Every structure is written in C-alpha cells, then in structure tokens.
Amino acid sequence: MIEIDRVSKSYGGRHVVDEVSLAIPEGMFCVLLGPSGSGKSTLLRMINRLVPLDGGTIRVGGEDVRRVPPEVLRRRIGYAIQSVGLFPHWRVGDNIATVPRLLRWPRRRVSERVTELLELLRLDPADYRGKYPHQLSGGEQQRVGVARALAADPDVLLMDEPFAAVDPVTRAALQAELLRIQQATGKTIVFVTHDIEEALRLAGGIAILEHGRLAQWGTPLAILEQPASAFVGEFVGGAASGLRVMALRTVADRLRPNETAAGEPLLDEASLRDALAAMIARHADRLPVIDRAGRPLGAITLADLVR
Amino acid sequence: MRRWPRALASPLLWVAALFIALLFGMPALAPLFRLAFPTVRPVIFDRASFFSLFLSHLGIVAAASGAAAAIAVALAVFATRPGGRDFRPLVTALTTVGQTFPPAAVLALAVPALGFGARPTLVALFLYGLLPIVENAIAGLEGVPPAVRNAALGMGLSSWQLLAAVELPLAAPAILAGVRVSTTIAIGTATIGSTIGALTFGTPIFDGLAGNNLPYVIEGASLVALFAILTDMIFARLERLLAPPH
C-alpha cells in the first residue's frame, strides 16, 4: 500500500533519511519509532511531500507520489500532528470540514460527515460543533485534530506524535480510540513516536530508525525478542524488554496442552503478564487454562512464563 | 431609575455629534469668538465651507491611506513568502526611509514634479503611511503559529488558500492596528498639504497663521483633532469586530 524505496534526504550534507526502504501493507498500523533526530518525522513528511525527496521513490496505492500534484496528494491522505494546528478563527465544525470543502463536497454531505466524525470521536455534535478551538481541552483538541484528518475518508493516515502533548490518562484514552477506529475502518496508519510503550500498544509493525537509517522493521514481538542490533535492544528497553514481551505474548503461546491443574482458570488469550499477576495474587505456581467458551485447554506453570 | 440607552453611553457617539455640530454650526459660535478676540475680524473662516474642507481632507487621507494599506499588505505578503523572505530587510529599510523623510520635505521635493495642490500631498502621506502598516502586517503574518501553517499545508491547502483563508484572517487584527495608526497620523499630517494649496482643515490654520487670525487656527485645529479622534474610535470598533473569538 505504501512502498518506500531507497528514500533519502539530506540537509546541508547531513543525511537525515538515508536509503530507507519499507513496504507497509494495506490496513497496517505502522509505527515509525526512534529517538529525536532519527529522521522518523522527516520520513513521514516525505510521504505527503511536505518534505521533498532527494532520492528514491515513494508509492502510495501503487502511484508514485511525485506524479501527483502535492495538493491533490495531501487531500487524499489524512494528516494529524502533535500541536494539532486547528485553525483558531474557525469553529470545530469548520475545522473538521476543511478537506471535504477543498474537495467541493456538497454542503449537506459535509455537514453529515462532521456529525458522523464528532460521534466517532465521542464528542457530542450539538455541543462541540460550534465551539472555537481555544474553548477545548488539549485532549478534545487532539480528538478534533484526528477527526479533521479522517474527514475526507482517506485510505492512509499520517500521524506525527499526535498524543505526545496530552497527559497520560488522556493519551491512553486517545490511543484506545485510535485503535478502535483503525480496526473499524481498516485504514493504513503511519504513526511517528519516540515512546516505546505507545509503539507496542498500537503497532502491527514497528520500523526503528537510527540516524536516518532503518535499524529494524518487524512486529513488536520480533523487535523485542530478536533485536537486530545493540542499538535496537537498548532502545526497546534492555533487560526491561523482557517485561514488555510478557505483555505481548499470550498464555496460549506457553500452554502445556492436556495437562491439568487446580484453581481458578486463566483465559488462553490473557497476556503472560496477566498470568503472572494472577499467580502472585493466588499464591499458585500452576494454573489451569481455558478458552473463551470455557473448554479446558491445559495448564501453565510459573516456569513456563520465562521459558 | 431609568437606564440610559446603551448607545448614549458610547463616547464614539458624542465625539461624532460634536464633530458634526462644529462642522455645520461653526458660524453660530461667531459671538463667542468676537467676545474672545475683539480686535480680529472676521472671526469665522469663510474662504470655503468647513464641510467642503472636510470632504477634501477626507478624500486625500482616504486615497493616500487606502493606497498605503494595499501596497503595504502586498509588500508584507511578499516579504513573508518563501521566495521573498530574502527581500524582507530591503522592504523594511525602504519603508523606514519613507517614514524618516519629513512630509514637509517630501512636499517640497514633489511640488516641482507634480505641481501644487492635492497630488504632492497624496504622495507624501502615502510614503509616510507605509511603515506602520508594513511592520504590523509582517508581524501579523509571522505570528501565525507554525503548527497551523503545517497542518494547513498537510491537508492540501494551496499557498494561495493558506494566505487567503488562514494567514490574512489571522493577521487581520494586526494589519488593522497598523492602518489605524497610519490613518490617524495621516489626518494630522494632511494639514501641511494646505501650505501648497491642498484644501484641508489645515487651510484655516495656515490662513490664520499668515493673517494673524487666531480664531481661524482654533477652528481648523479643533476640527482636525476631532476628525482624528473620531477616526481612531471607528477603527477601534472595527478592531473589536475583527478580533479573534474569545
């Protein structure tokens, strides 16, 4: 869906993005992860041509982005940023309607779409439509920012650290909303962050960037369990990455089939971290496992968690 | 107690009423002037009606300030575009030169080229009025938050749409503040155009100074002062209308 092929960018002789290749399948939640200055934001902005390419090609939906006029390209791709950038002189409804109006949608359709999006982001349309951005909290502004990015129903959504400036509780809520929306709509999302926890919570695929180079590209588990370099290992948490693995792996991965155990059973889709918590709470080192339908599947032991 | 209608509490209304009363009713004050200046005759300026002086004064200021505003905003837009950013120091330097030239000197220089009357006055006021508008417009355009510009471009606004729909509306209060300062100054400065034959409220002032007729000077000066104050108040109203929502 998005093919990034040996893409480079340098400013004054310094390589900010260096021969990066990445194929993001349709419908994937892809996170570009890296420390500041790793080029992740530049790479994102090259997809909608806010940053011109020095070398290589980027294709979105099979089409070379350089063959499409930039305004046309950008109206097809949703874009949300950390500081939101809502137009302060426009009401929430007008802000969300920006791209549909640029695309000259009929008035009624624009209005219906705004209502739909406000509902999708759990903002009461009657209440929020007529407000000005400065009347909203940071989290509400970010919701409007996401709604605005989704307005023309783009297949691809680019998000540049959209939740970095909101408090942790609001951030967790926004992450959950975004996952829900992504699962419901099947959009391809490219999401930039420097926060490993955020990346693990959201990503289907993580691309780790170091000094403009692609250090590793894989699923969250692959990156945690087989870091491709010392840098990646360090970045995903060093020794603590084991705890992160436990949050991603499920009981089903470590199950002893057909064995039995006493006590209150665990669900097979629970994470290993939940299993450990349950063992600690119940003072047990061995628990039975069942599936959602309640059928017994086997057992899991404390030693299995770290196997 | 009966409350006053809100409009009556507005100083704008009172200044406007006083200005109109003096504009048309100055001759009614003749007895007062005669009493105060027993040796001066006549006491009411009569070479032209005050209303015709006002129309001419208003026309000169409106034309000069209108042109200054249009050119200044165009210069500011140019100086804040990616392609024109290098010219920004030049633009401010040129407009600063326009401001440092005393209008009297511009008049003296312009008369040989443009003759006597309103035209050299227009040129002087135009040059003199550019700087405050250019400075304010550049500040206003540069004050647009980078995130807003970034988001606008990222959503696919063209640079013209960005300018027309986002940058100019957000800069409008700053631009208007510049036009307000420029115009108010122009109203006062326009009076010196009367030394080279332009009809303004300066005409009775300079006639009075030349003929040792203090009532003429008072008549012209009070009208021009009220005119400037009134204009300033009208702009203040406009600024409040244009101010960002709060």
Side-chain angles (χ1 to χ4, degrees), chain A residues 41 44-51 68-92 94-104 130-135 141-142 144-152 154 157-162 165, chain B residues 69 73 76-78 80-86 133 136-180 235-246:
Chain A
S41 199
L44 183 86
R45 290 159 62 83
M46 286 161 104
I47 298 174
N48 66 358
R49 289 181 64 188
L50 281 174
V51 173
V68 190
E71 283 88 28
V72 176
L73 177 77
R74 291 171 194 157
R75 288 170 198 175
R76 280 191 219 150
I77 298 178
Y79 186 57
I81 55 176
Q82 178 185 332
S83 27
V84 196
L86 294 180
F87 301 140
H89 58 309
W90 286 4
R91 295 169 192 275
V92 164
D94 297 318
N95 265 287
I96 295 175
T98 306
V99 180
R101 283 186 185 148
L102 286 172
L103 295 171
R104 302 185 187 286
K131 286 193 175 182
Y132 282 99
H134 71 89
Q135 295 170 304
Q141 288 190 18
Q142 200 49 265
V144 175
V146 173
R148 186 172 69 166
L150 287 166
L157 205 54
L158 306 180
M159 312 187 85
D160 196 348
E161 307 213 26
Chain B
V73 170
V77 166
F78 171 68
T80 51
R81 293 312 93 183
R85 208 152 281 158
D86 294 343
I133 311 179
N136 267 291
I138 287 182
L141 289 169
E142 287 186 339
V144 175
V148 170
R149 199 174 278 131
N150 181 14
L153 290 175
M155 282 188 294
L157 271 76
S158 67
S159 33
W160 277 111
Q161 289 166 332
L162 174 66
L163 180 68
V166 179
E167 292 182 301
L168 282 178
L170 289 179
I175 294 173
L176 194 66
V179 175
R180 174 182 176 185
F235 271 109
R237 271 283 161 96
L238 277 178
E239 271 178 45
R240 244 175 295 156
L241 284 180
L242 262 178
H246 269 295

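In the text below, chain A, chain B and the rest are named by the order of the sequence lines, each starting its count at 1. None of these values were measured; they are calculated from a predicted model.
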remark   = Residue from B:Pro145, B:Gly154, B:Ala152 scoring the most non-hydrogen pairs under 4.5 Å with chain A is B:Gly154
query = Atom CD of A:Glu71 and atom CG of B:Leu162: how far apart are they, to the nearest 0.5 Å?
reply = 10.5 Å
task = Pick one of side chain, backbone, both or neither for A:Thr98, based on which atoms fall under 4.5 Å of a heavy atom in chain B.
result = side chain
inquiry  = So which residue, B:Pro169, B:Pro146, B:Ala165, ends up with the most heavy-atom pairs under 4.5 Å with chain A?
reply    = B:Ala165
inquiry  = Is there a side-chain contact between B:Met155 and A:Arg74 in this structure, where contact means two heavy atoms from C-beta onward sitting under 4.5 Å apart?
reply    = no
note = CH2 of A:Trp90 to CG of B:Leu170, rounded to nearest 0.5 Å, is 9.5 Å
query = Measuring heavy-atom distances to chain B, does A:Val72 have an atom under 4.5 Å in its side chain, in its backbone, in both, or in neither?
reply = neither
key: Side-chain heavy-atom pair A:Leu86, B:Val148 within 4.5 angstrom cut-off   = no
task = Report the distance from atom CG of B:Leu153 to atom OH of A:Tyr79, rounding to the nearest 0.5 Å.
result = 9.0 Å
task = Might you point out which heavy atoms bring A:Gly85 and B:Ala151 nearest each other, and give the distance in Å?
result = O-CB, 3.6 Å
inquiry  = Just so I know, are the side chains of A:Leu102 and B:Gln161 near enough to count as touching, which here means a heavy-atom distance under 4.5 Å?
reply    = yes
note = d(B:Leu168 CG, A:His89 NE2) to nearest 0.5 Å is 9.5 Å
remark   = In terms of heavy-atom pairs under 4.5 Å with chain B, the winner among A:Ile77, A:Ile81, A:Asn48 is A:Ile81
task = Check whether more than 12 heavy atoms from other residues, nucleotides or ligands sit under 6.0 Å from atom CZ of B:Arg237, and answer yes or no.
result = no
remark   = Whatever's closer than 4.5 Å to a heavy atom in chain B on A:Arg76 counts as neither
